[in-house]
Amino acid sequence: MRLFEEKINIVLADDDRDEYNLFKEAVSEINENYNLAFFPNGKELIEYLNSKEITNPDIIFLDLNMPFMSGIDCLRLIRANEKYSDTAIAICSTSSSEKDQEDTFTLGANVYIKKPNDYAAMKKVLQHIFKTYWQYHTSDMNRDTFLISV
């Protein structure tokens, strides 16, 4: 399936290398037209985003619980930076707490994902997110109205 004519720039920050491998495999099956940058913690992600010569990500996937800097802290810093105001942010967590979801949406996340247990579920969730992102990207939707919980 090819959703995007242009390459989509995806960033994943997650301290679990197995999650990254699962994510990368699912993304490559969903759409071959992407760039994926991976960071094992929030601190490295923020350093990357603050560097001058990067291509802005289209979607950032943040693990909620990471060492050095949590997903919440990263979300705050990213949303405080005007450069990333149009970047979609998906929070990924093992938590299904409504408070966690509400807190992340309040801080500017667009998507809250309860981490799937297996590859098929991961692929299905990512397909849904990318399809929704593409609809958002190609319409006049306001970022503030682009909120989903999967």
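These values consider heavy atoms only, across backbone and side chains, with no hydrogens, waters or symmetry-generated copies. It should be emphasised that the depicted structure is a prediction, and the values quoted were computed from it without experimental measurement.
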### Electrostatic pair Asp14:Lys115 at N-O distance under 4.0 angstrom
yes
Nearest 0.5 Å, please: how far is [atom2] in [Y] from [atom1] in [X]?
| X | Y | atom1 | atom2 | value |
| --- | --- | --- | --- | --- |
| Ile59 | Tyr34 | CD1 | OH | 13.5 Å |
| Tyr112 | Glu102 | OH | CD | 12.0 Å |
| Arg76 | Ile78 | CZ | CD1 | 12.5 Å |
| Ile46 | Ser51 | CD1 | OG | 11.0 Å |
| Gln101 | Thr106 | CD | OG1 | 11.5 Å |
| Leu62 | Ile113 | CG | CD1 | 10.0 Å |

Does [X], at its [atom1] atom, have more than 12 non-hydrogen atoms belonging to other residues, nucleotides or ligands within less than 6.0 Å?
| X | atom1 | answer |
| --- | --- | --- |
| Asn117 | CG | no |
| Lys24 | NZ | no |
| Glu47 | CD | yes |

#### Entry: Within one Ile-Leu-Val-Met-Phe-Trp-Tyr cluster: Leu45 and Phe68, side-chain cutoff 4.5 Å
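Looking at the clustering, Phe68 is in a separate group from Leu45.
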Judged by atom type as modelled, is there a donor-acceptor pair below 3.5 Å linking the side chain of [X] to the main-chain atoms of [Y]?
| X | Y | value |
| --- | --- | --- |
| Asn9 | Asp58 | no |
| Asn110 | Ile89 | yes |
| Arg79 | Tyr84 | yes |

### Candidate pair Leu49 and Asn81, rule side chain to side chain contact (heavy atoms under 4.5 Å, CB included), full reasoning
CA-CA 10 Å; Leu49 293 175; Asn81 188 336; over 6 Å; no
Minimum heavy-atom distance between [X] and [Y], given as atom pair plus value:
| X | Y | result |
| --- | --- | --- |
| Leu126 | Ala26 | CD1-CB, 3.8 Å |
| Cys74 | Gly42 | SG-CA, 3.3 Å |
| Asp15 | Pro67 | CB-CD, 3.5 Å |
| Lys114 | Thr94 | NZ-O, 3.3 Å |
| Glu29 | Lys123 | OE1-NZ, 2.8 Å |
| Pro57 | Thr87 | O-OG1, 3.1 Å |

### Query
Under the side chain to side chain contact (heavy atoms under 4.5 Å, CB included) criterion, do Met122 and Glu19 qualify, and how do the steps go?
CA-CA 10 Å; Met122 170 70 79; Glu19 289 284 334; 3.9 Å; yes
### Task
If the plane angle is over 60° it's perpendicular, under 30° parallel, otherwise tilted; pick one for Phe23 and Phe61.
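Ring orientation of Phe23 relative to Phe61: perpendicular.
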#### Entry: Contact check, side chains of Lys7 and Thr55, non-hydrogen atoms, under 4.5 Å
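No - every pair of side-chain heavy atoms lies 4.5 Å or more apart.
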